[in-house]
**Q** 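Sharing a structure here in structure tokens format.
Chain A is the first sequence line, chain B the second, and so forth, proteins listed ahead of strands; every chain is numbered from 1.
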Amino acid sequence: MAATSFSPLPTLTTQSQPKHNTKHPSRTGSFRQRKNMKEVKQLHAQVTKKGLSNRRTSGITKLISLCAEIATPESLEYAKKAYELFEGDASNRVSLHMLNSLIRGYSAAGFCDEAILLYAQMVERGVNPDHYTFPFVLSGCTKGAAFLEGIQLHGSVVKLGLEGDLFIQNSLIHLYAECGEIDFGKKVFDKMSERNVVSWTSLICSCTRRDRPEEAVSLFFEMVEAGIKPNSVTLVCAISACAKLRDLDLGKRICAYIGQQGLNNTVLVNALIHMYMKCGATDRAKSLFDECIDKNLVLYNMILSNYVHQGMEREALAILVEMLQQGLQPDRVTMLSALSASGQSGDFAFGRQCHCYVMRNGLEGWESVSNAIIDMYANCGKQDLASRVFDRMSTKSVVSWNSLIIGFVRNGDVDSAWGLFNQMPETDLVTWNTMIGALVQESLFEDAIELFRVMQSEGIKADEVTMLSVASACGYLGALDLAKWTYSYIEKFGIPRDLKLDTALVDMFARCGDTKSAMLVFNKIQNRDVSAWTSAIGAMAMEGNGIRALKIFNEMTNQGVKPDAVVFVAVLTACSHGGLVEQGMQIFRSMKESYGITPQIIHYGCMVDLFGRAGLLSDALDLINGMPMEPNKVVWGALLAACRTQKDTQMATYVAERMNELAQERSGTHVLLSNIYASAGKWTDVARVRLQMKEKGLLKVPGSSSIEIDGVIHEFTSSDESHPEMTHISQMVREMSCRIGDSGYVPDLTNVLLDVDDEEKEFLLSRHSEKLATAFGLISTSPGTPIRVVKNLRMCSDCHSVVKLVSKTYGREIVVRDNNRFHFFRQGFCSCNDFW
DNA sequence: CTAGGGTTAG
């Protein structure tokens, strides 16, 4: 009797995606696959013809086996149809063989669910799986990380008395370990009476892949000690563990086991080259690469991604051209690098070509490729195209959402990013880091801290990227208590401190006026780069300690660290605040002469400031007139500020006229600059640019001062009455004026830039935000406590005199941070010696 | 007919 086989067989729906990055469900397929499909079609035609039943059966078996090997959705469709043609008893050995092959095919293609479904249907029909079935179906589970199904299958293995089978045990080890349950795998491993090289390799490989490379390496040596000889697969796993550890010496020790087999294994050579590249042994990697006779796609992809990671887009393009000349067809991994390179270099034309290639070759079904396209468009400033790609994606994960919101943030549209953030079905650490960073970028520092608190309450663990944003927010708020809390948070939760975070911490303490802590952190930094040195020099500049800033700068150059344009801004600012005119001029000259750095407009701005603060207005003007570029608002602004302190109205008028002649500066260039910083993760610099924009009036912002009381930040803007304690504060301001008036204080009305009568001027002056904040500080803290105020603009001379007198009259230490430096007031004197 | 390997987006 011709019993039909059980049906239905699993149907591949369009949503069905391989669970693991295996073979791609390509529309075109490779040459090899096309050739095989031809054979499949021939076999299929033979099989569908009527003929002798036993001949058909062997044809079907052969067909299914071939299709399983090809393992593409198309070939699997054929395999399924072929099985339906089988007319024998579903439970006989031949049928079992066919079903095993089918499961093997689905597993190999990464269709985990279908493999499991086939297995289930097999059992349902009373067909007993054998010792071939389990390795096949378990391999599918491994690719789909189907842990629970794996446990069930493990149970069936035991029930069928197959738990002693070496192949099945090895499959189970691998399954558990790949699901992140390495200890489950180890349990199986420990119970084995006999272990072969595959057993060990499975464990080693999983440790490497699950980010436990140290364990992988120690297992490798354990295995060698147990007398098992590593084969090329073992070596590949161990070597990639070394690549992850960036440990060249360990890598070399493992290479000793390569032995006579030499380097005739492509995968091994690829792994070695990768390891050398990751460990920084570029020359060794390059020579191995050049010696390679059969450079394959994976090798090219590897080199390509390495170049892209290092920001070497030109070299990346050269590699891409070379691989095309070799006749290799770029795959999705290639495209990930190519798209990332186009984004990095902002090459929209090339990026679009990449997008077209992806569409032509049906690679857009891979989510990672579509995400990379979103990144590319966002990096090229084409956020609308990025959104369109996002909208068209059939499946999108949290990564896709992240890519889109990061694009909005990068393109300066934080509102849209925020809107999406609230809509996201799922968030992860990157999402939160992006949004916190976005708020810092927008100079919404308190909101950034608040969002960080929300993130904690959601149970998401912060990492070094989070803390980078939080630290720079604390720094800009000048909130010392918050800064200290942030520092201990990092210590308490063992958040890894990389160079970037250390630098941000130096900056944070410096901006909170705690130079001691800043330098303590700085002194412990190993391998300081120029940014780290810059933050220390910046700390000195903020104190007005020009001498020490210069000392640190010299120390840096003596240690062989090459100065960049940014560090000179810090050094020149320090000279300016310290009144070191001669030294400043010398440094400025040395930029070009000794370091080959052409001064940019920002450096000229510093010099104008330097001359201006020292009262050398005509020198400042000469410098401006001799500048190789057109002076901008910043340069003129520095001189104007100097005119104000020097009370040189004639020159002030001249400067004001020049400023009015300037075309309205477009904020576009600033957004651009802040985006450049944002893309480099330099949130501190981003915030600085944003603040500069505000100060330059590109975004109009009134003078404001803030003070932190018990972890809460109170902000005052001039003449703002909204604070709940305003009545008390007003009383206090009046009291302050009276008491310091007795010590001879006379308001300096030239600080009011409005044309109003003197009484009104005096009132406006008394409402300057730093006075309000100081008054609030006096009310809210117990006698003797230092008061710390942060002001967003330069302190006016009247407030400066008032705070000096208040510090004496009330016996308080008062610290005011203005937009570029600190003033420490004590006993009627200020650390700046009235020069700022 | 069975198990283990190299590249992979924010």
Side-chain angles (χ1 to χ4, degrees), chain A residues 20-21 61-62 64-66 68-69 96-105 107 130-139 142 165-175 177-178 196-206 208-209 230-240 243 265-275 277 296-306 308-309 331-337 339-340 343 366-376 378-379 397-407 409-410 428-431 433-434 437 465 679 681:
Chain A
H20 199 255
N21 300 327
T61 312
K62 204 172 152 195
I64 295 177
S65 190
L66 183 61
E69 235 161 77
L96 180 61
H97 184 178
M98 289 177 183
L99 285 168
N100 280 349
S101 289
L102 264 174
I103 295 176
R104 173 163 69 115
S107 289
D130 65 358
H131 61 112
Y132 288 120
T133 318
F134 285 105
F136 290 145
V137 68
L138 285 169
S139 132
T142 306
D165 185 279
L166 185 62
F167 281 84
I168 296 177
Q169 287 168 323
N170 286 346
S171 301
L172 282 169
I173 293 174
H174 195 232
L175 166 82
E178 286 292 299
N196 65 5
V197 64
V198 179
S199 324
W200 285 93
T201 306
S202 294
L203 264 186
I204 292 171
C205 153
S206 296
T208 306
R209 290 242 280 255
N231 63 17
S232 61
V233 182
T234 325
L235 288 164
V236 166
C237 297
I239 285 169
S240 26
N265 180 318
T266 314
V267 179
L268 182 56
V269 174
N270 288 352
L272 258 178
I273 293 176
H274 184 227
M275 191 266 288
M277 281 194 302
N296 65 4
L297 189 59
V298 173
L299 182 54
Y300 274 111
N301 284 347
M302 215 157 66
I303 306 284
L304 189 63
S305 89
N306 220 275
V308 175
H309 267 284
D331 69 351
R332 59 194 199 82
V333 180
T334 321
M335 294 323 289
L336 290 177
S337 293
L339 285 162
S340 162
W366 292 97
E367 199 206 297
S368 55
V369 175
S370 290
N371 292 343
I373 293 172
I374 294 175
D375 292 336
M376 181 272 294
N379 282 329
S397 68
V398 62
V399 182
S400 327
W401 286 84
N402 286 344
S403 292
L404 194 64
I405 64 168
I406 288 165
V409 171
R410 214 167 259 179
D428 68 0
L429 181 60
V430 177
T431 319
N433 284 350
T434 305
V465 181
S679 62

**Q** Using a heavy-atom cut-off of 4.0 Å across all strands, would you classify A:S202 as base, sugar-phosphate, or nothing?
**A** sugar-phosphate

**Q** Between B:dG5 atom P and A:I173 atom CD1, what is the distance in whole Å?
**A** 13 Å

**Q** Classify A:D428 by what it touches in the nucleic acid, base, sugar-phosphate, or nothing, heavy-atom distance under 4.0 Å.
**A** base

**Q** How about A:D375 and A:S403: does a side-chain donor come under 3.5 Å of a side-chain acceptor?
**A** yes

**Q** Report which part of the nucleic acid A:D375 touches: base, sugar-phosphate, or nothing (heavy-atom distance under 4.0 Å, all strands).
**A** sugar-phosphate

**Q** Can you tell me which nucleotide in B:dG4, B:dG5, B:dA9 comes closest to the side chain of A:N371?
**A** B:dA9

**Q** Taking atom types as modelled, find out whether A:T142 and A:E178 have a side-chain donor-acceptor pair closer than 3.5 angstrom.
**A** no

**Q** How long is the line joining CG of A:N100 and P of B:dA3, in whole Å?
**A** 11 Å

**Q** When we call it a touch if two heavy atoms are under 4.0 Å apart, what does A:N196 touch: a base, just sugar-phosphate, or nothing?
**A** base

**Q** Measuring from the side chain of A:C205 (C-beta onward, heavy atoms only), which nucleotide among B:dG4, B:dC1, B:dT7 has the closest atom?
**A** B:dG4

**Q** Within less than 4.0 Å of OP1 or OP2 of B:dG5, is there a side-chain N or O belonging to A:R209?
**A** yes

**Q** For the residue pair A:N371 and A:S368, confirm or rule out a side-chain donor-acceptor distance under 3.5 Å.
**A** no

**Q** Quick one: label A:S206 by what it contacts on the DNA or RNA (base, sugar-phosphate, nothing), any heavy atom closer than 4.0 Å.
**A** nothing

**Q** Quick check: any donor-acceptor pair below 3.5 Å linking the side-chain of A:R332 to the base of B:dT8?
**A** yes

**Q** Can you tell me if A:H309 touches the phosphate of B:dT7, counting only side-chain N or O atoms and a distance under 4.0 Å to OP1 or OP2?
**A** no

**Q** For A:L268, which of A:N231, A:I273, A:V236 qualifies under side chain to side chain contact (heavy atoms under 4.5 Å, CB included)?
**A** A:V236

**Q** What's the closest nucleotide to the side chain of A:S101 if the choices are B:dT7, B:dT2, B:dC1?
**A** B:dC1

**Q** Picking from B:dG10, B:dG4, B:dA3, which would you name as closest to the side chain of A:V233?
**A** B:dG4

**Q** Out of B:dC1, B:dG4, B:dT8, which has the shortest distance to the side chain of A:V198?
**A** B:dG4

**Q** Looking only at the side chain of A:H174 (C-beta and beyond, no hydrogens), which of the listed nucleotides B:dC1, B:dA9, B:dG4 gets closest?
**A** B:dG4

**Q** Check this one for me: any side-chain N or O of A:H274 less than 4.0 Å away from OP1 or OP2 of B:dT7?
**A** yes

**Q** Let me know the distance between CD1 of A:I103 and P of B:dC1, rounded to the nearest Å.
**A** 17 Å

**Q** By nearest atom, which of the nucleotides B:dA9, B:dG4, B:dG5 is closest to the A:S232 side chain?
**A** B:dG5

**Q** So is the aromatic ring of A:Y132 stacked onto the base of B:dT2, judging by whether the centres are under 5.5 Å apart and the planes are under 30° apart?
**A** no

**Q** In whole angstrom, what separates A:D165's CG from B:dT2's C1'?
**A** 8 Å

**Q** Using only atom types and a distance under 3.5 Å, with no angle test, would you say the side chain of A:T208 pairs donor to acceptor with the backbone of A:S240?
**A** no

**Q** Can you figure out which of B:dC1, B:dG10, B:dG5 approaches the side chain of A:H97 most closely?
**A** B:dC1

**Q** Using a cut-off of strictly less than 4.0 Å, decide whether A:S340 has a side-chain nitrogen or oxygen near OP1 or OP2 of B:dA9.
**A** no

**Q** Pick from A:V197, A:T201, A:L203, A:N196: which one makes a side chain to side chain contact (heavy atoms under 4.5 Å, CB included) with A:S199?
**A** A:N196

**Q** Would you say the side chain of A:N231 and the base of B:dG4 hold a donor-acceptor pair, judged only by whether the two atoms sit under 3.5 Å apart?
**A** yes

**Q** Whole-Å distance between B:dT7 C1' and A:Y300 OH?
**A** 14 Å

**Q** For the side chain of A:N402 and the base of B:dA9, is some donor closer than 3.5 Å to an acceptor across the two?
**A** no

**Q** Counting N and O atoms only, with roles assigned by atom type, does the side chain of A:S107 sit under 3.5 Å from a partner on the main chain of A:R104, one being a donor and the other an acceptor?
**A** no

**Q** Take the protein atom CH2 of A:W366 and the nucleotide atom C1' of B:dT7, then report the distance between them rounded to whole Å.
**A** 14 Å

**Q** Between C1' on B:dA3 and CZ on A:F167, what's the gap in Å once rounded to a whole number?
**A** 6 Å

**Q** CG of A:L339 versus P of B:dT8: gap in Å, rounded?
**A** 15 Å

